[in-house]
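For reference, the structure is listed below as structure tokens.
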Amino acid sequence: MRISVQREDFDLGAEVKAITRNPGNGAKIGAVASFIGLVRDTNDGASVGAMTLEHYPGMTEKALEKILTEARSRWEVLDCTIIHRFGELKPTDQIVLVVVASGHRGDAFAACEFLMDYLKTRAPFWKKEQTPEGARWVESRASDDQAAERWK
Amino acid sequence: MKIKVLYFASIREKVGTGAEEIELPVGVATVDDLRQHLRVLGGAWAEALAEGKLLRTAVNQDMVPGATAIQPGDEVAFFPPVTGG
């Protein structure tokens with residue numbers, strides 16, 4: 001299991017390989033599901049030229065650990081990697097990666113979606129967008145709360 | 001009997017600092033009490049922590065409700081609803 005909060009970009013292929021080629025995981029993994037979140041060039045009707053991601057060092061890692069522990073109590077998670085970036089990002093840049101390895105696809109898909117839904121509402125990150133009208137903090141969305149609620 | 005108070009994102013910008021150490025005042029027992037106490041300081045704090053404003057709070061890096069008790073030495077954080085991912 002690997003959690004990383006970092007400025008640097010990441011590589012999906014390398015992260016998947018690190019899990020599937022890890023001798024510690026043997027040959028039990030039958031399914032790997034992954035999600036990548038990217039910076040879009042528009043949001044709420046404005047064009048976005050750049051984005052700054054702020055986080056709460058210490059709490060961020062702790063919150064992600066808790067979310068992963070919760071996922072492992074619900075589904076078979078043989079291995080998992082969560083990477084979330086912070087700092088300056090531009091449209092098309094990668095923001096977040098979740099990779100879940102399980103015996104079968106059902107657990108991998110469900111745990112991956114759960115991790116993203118919980119991360120969206122519980123991990124202390126904040127986005128500030130640069131738009132032609134100036135900088136603005138991104139507002140939280142009710143739809144994100146609803147997405148997290150359905151796992152209760 | 002000090003506590004550490006942290007602010008993030010729009011709250012941090014409004015109060016003009018990310019962290020401060022304050023003496024835990026007598027009668028301040030919960031996160032909500034602390035929010036009320038900081039508002040009374042006026043100016044940027046009154047605006048950033050205004051009543052009815054949607055805020056999230058954490059004590060010692062765990063997100064908790066406003067009724068949570070605080071102790072000397074705690075790290076208490078105020079921030080807007082999170083928008084990562």
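Chain letters run A, B, ... following the sequence lines, proteins first, then strands; residues in each count from 1.
The number of heavy-atom neighbours closer than 6.0 Å to CD of B:E20, taken from other residues, nucleotides and ligands shown, is above 12. Annotation: B:K2, atom NZ; neighbour count of heavy atoms from other residues, nucleotides and ligands within 6.0 Å is above 12. Within 6.0 Å of CD in B:E23 there are more than 12 heavy atoms belonging to other residues, nucleotides or ligands. For A:R105, the CZ atom sits in a loose shell: 12 or fewer heavy atoms of surrounding residues, nucleotides or ligands are nearer than 6.0 Å. The environment of CZ in A:R72 is sparse: at most 12 heavy-atom neighbours from other residues, nucleotides or ligands sit within 6.0 Å. Summarising the local packing, CZ of A:F10 is surrounded by more than 12 heavy atoms from other residues, nucleotides or ligands at distances under 6.0 Å.
Contact annotation for B:A9: both backbone and side-chain heavy atoms come within less than 4.5 Å of a heavy atom of chain A. Neither the backbone nor the side chain of A:A63 comes within less than 4.5 Å of any heavy atom of chain B. Of the two parts of A:K62, only the side chain, counted from C-beta on, holds a non-hydrogen atom closer than 4.5 Å to a non-hydrogen atom of chain B.
In the hydrophobic cluster analysis, where Ile, Leu, Val, Met, Phe, Trp and Tyr join through side-chain heavy atoms closer than 4.5 angstrom, B:I22 is grouped together with B:W45. Cluster membership check: A:I19 does not share its hydrophobic cluster with A:V100, using side-chain heavy-atom separations under 4.5 Å among Ile, Leu, Val, Met, Phe, Trp and Tyr.
Rounding to the nearest 0.5 angstrom, the gap separating the CZ atom in B:R56 from the CZ atom in A:R122 is 11.0 Å. Remark: A:M59 CE to B:F79 CZ distance equals 4.0 Å, nearest 0.5 Å.
At least one side-chain heavy atom of B:E13 sits under 4.5 Å from a side-chain heavy atom of A:K128. Side-chain contact between A:E54 and B:R12 is present, with heavy atoms from C-beta onward closer than 4.5 Å. Using a 4.5 Å heavy-atom threshold, the side chains of B:T83 and A:W126 count as touching.
Between chain A and the options B:N60, B:L54, B:D62, heavy-atom pairs under 4.5 Å are most frequent for B:D62.
Shortest non-hydrogen contact noted between A:P57 and B:F8 is CD-CE2, 4.4 Å. The two residues A:S140 and B:V82 have their closest heavy-atom pair at CB-O, 3.9 Å. What you find for A:Y56 and B:A58 is that their closest heavy atoms are CE1-CB, 4.4 Å.
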